[in-house]
Amino acid sequence: MRLDKFLANMGIGSRTEVKTFLKKGKVTVNDKIEKSPKKDINEAIDKIYFEGELVEYIDKIYLMLNKPKGYVSATVDDQHPTVIDLIKDYNHINIFPVGRLDKDTEGLLLITNDGDFNHQLMNPSKHVPKTYEVISKNSITKNDIDSFKKGIELHDGLTKPALLEVVDDECKSFVTIHEGRYHQVKRMFHAINNEVLALKRVKIGDLELDAHLESGDYRQLTLNDFKLLGIK
Ligand code: URA
């Protein structure tokens, strides 16, 4: 990789800023001042310092975020804060949310810079289940559970069978869906004459939201998390 590209990718500055830093002799490669932006480096082996500090090479990044309400699942937005604004490290390496949660939905959201990872989890043909905790206006009936099991007719077609489970309180349920259509859970509840009052994603595949993560906090995925997601 070219030295200027590496430094820009690692968040040192724009390609133009990086060229100026290089000209001023602020960068060393394996202990020698390097001024050429075109210098070919091996980012995994070479030791690159900027202003005396090691520039660590980060390739792919995978994070679990406990999304708070009020944040949009996008990288930029004119009006509202985005989930990427919550990630104080790594945002120089073009991270983005894996799928979307509505602005008023909270809970488990994965963040990455790896397009393949996103595809493996979000492609409808992969059928990765996603589980939501729902607080609804009305209580859930046995009929509702059966309707979800058959699939719900929405304006964009019949949904795949969904699992609806009631917890102790009849207005609190867990729903597991296998697609990710726009406002899907809210629309499914609307179709059974109910209304979602609060929505929280608690699980993707077998990976549960880490109970130690406060709202707005994030951590890196572990190897075990990848297993739970069914991804190697
Ligand atoms: N279904 C919804 O209606 N909203 C979400 O944020 C996620 C699933």
Side-chain angles (χ1 to χ4, degrees), residues 63-77 79-87 95-112 117-140 144-145 147-167 170-211 213-218 228-230:
L63 304 171
M64 171 193 289
L65 168 72
N66 184 358
K67 177 194 176 296
K69 291 180 187 171
Y71 288 79
V72 292
S73 299
T75 49
V76 280
D77 192 273
Q79 291 169 23
H80 306 286
T82 75
V83 290
I84 300 304
D85 295 333
L86 293 163
I87 314 291
I95 50 173
F96 56 87
V98 176
R100 279 164 192 272
L101 291 177
D102 296 338
K103 185 158 134 306
D104 58 354
T105 301
E106 51 187 335
L108 175 55
L109 185 65
L110 301 175
I111 309 276
T112 189
F117 178 75
N118 180 60
H119 178 76
Q120 288 189 64
L121 291 170
M122 286 302 133
N123 190 317
S125 68
K126 311 274 180 190
H127 309 295
V128 179
K130 284 132 198 141
T131 303
Y132 296 82
E133 182 190 280
V134 182
I135 306 295
S136 54
K137 188 169 174 191
N138 308 318
S139 20
I140 307 291
D144 297 335
I145 295 174
S147 304
F148 270 51
K149 207 187 276 173
K150 289 189 197 125
I152 298 280
E153 193 62 52
L154 299 177
H155 70 74
D156 48 358
L158 188 70
T159 69
K160 294 208 167 68
L163 178 69
L164 182 59
E165 298 163 288
V166 185
V167 212
E170 284 163 4
C171 289
K172 180 172 169 181
S173 57
F174 288 96
V175 59
T176 301
I177 58 174
H178 298 263
E179 304 143 286
R181 299 193 210 172
Y182 184 63
H183 289 335
Q184 182 164 343
V185 174
K186 289 175 187 162
R187 289 195 290 137
M188 288 173 83
F189 272 70
H190 190 69
I192 55 164
N193 296 317
N194 204 335
E195 197 188 321
V196 171
L197 300 181
L199 192 59
K200 179 177 186 175
R201 184 155 65 192
V202 292
K203 210 166 159 188
I204 299 176
D206 287 326
L207 176 66
E208 292 184 21
L209 175 64
D210 187 332
L213 279 183
E214 301 279 340
S215 180
D217 281 355
Y218 58 91
L228 294 167
L229 286 170

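Both counts, for ligands and for their atoms, begin at 1 and track the order of listing. Numbers for residues simply follow the sequence, beginning at 1.
Within the 4.5 Å cutoff, side-chain heavy atoms of Ile177 are placed close to those of Val185. Residues Met188 and Phe148 have side chains in contact (heavy-atom distance under 4.5 Å, counting atoms from C-beta outward). Contact annotation: the side chain of Pro97 approaches that of Ile84 to within less than 4.5 Å [non-hydrogen atoms, C-beta and beyond]. At least one side-chain heavy atom of Leu110 sits less than 4.5 Å from a side-chain heavy atom of Leu121.
For ligand 1, the polar-atom distance check finds no N/O of Tyr132 at less than 3.5 Å from any of the ligand's N/O atoms. Geometrically, ligand 1 and Asp102 share a nitrogen or oxygen pair separated by less than 3.5 Å. At a 3.5 angstrom cut-off on N or O pairs, His183 counts as close to ligand 1.
Listed by number with element, the atoms of ligand 1 under 4.0 angstrom from any heavy atom of Thr105 are 4 (N), 5 (C), 6 (O). Near Leu199, meaning under 4.0 Å from one of its heavy atoms, ligand 1 places the atoms 1 (N), 2 (C), 3 (O), 4 (N), 5 (C).
Of all protein heavy atoms, the one closest to atom 1 (N) of ligand 1 is Val185 N, 3.1 Å.
Of the heavy atoms in Ile177, none comes closer than 4.0 Å to ligand 1.
His119 is linked by a side chain to side chain donor-acceptor pair (under 3.5 Å) to Asn123, counting only residues two or more places apart in sequence or in another chain.
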**Message:** What verdict does the ring pair (Phe, Tyr, Trp, His ring centres under 6.0 Å) test give for Tyr132 and Phe189, after you've listed the backbone C-alpha separation in whole Å, the side-chain angles of each residue and the deciding distance to 0.1 Å?
**Reply:** CA-CA 12 Å; Tyr132 296 82; Phe189 272 70; over 10 Å; no
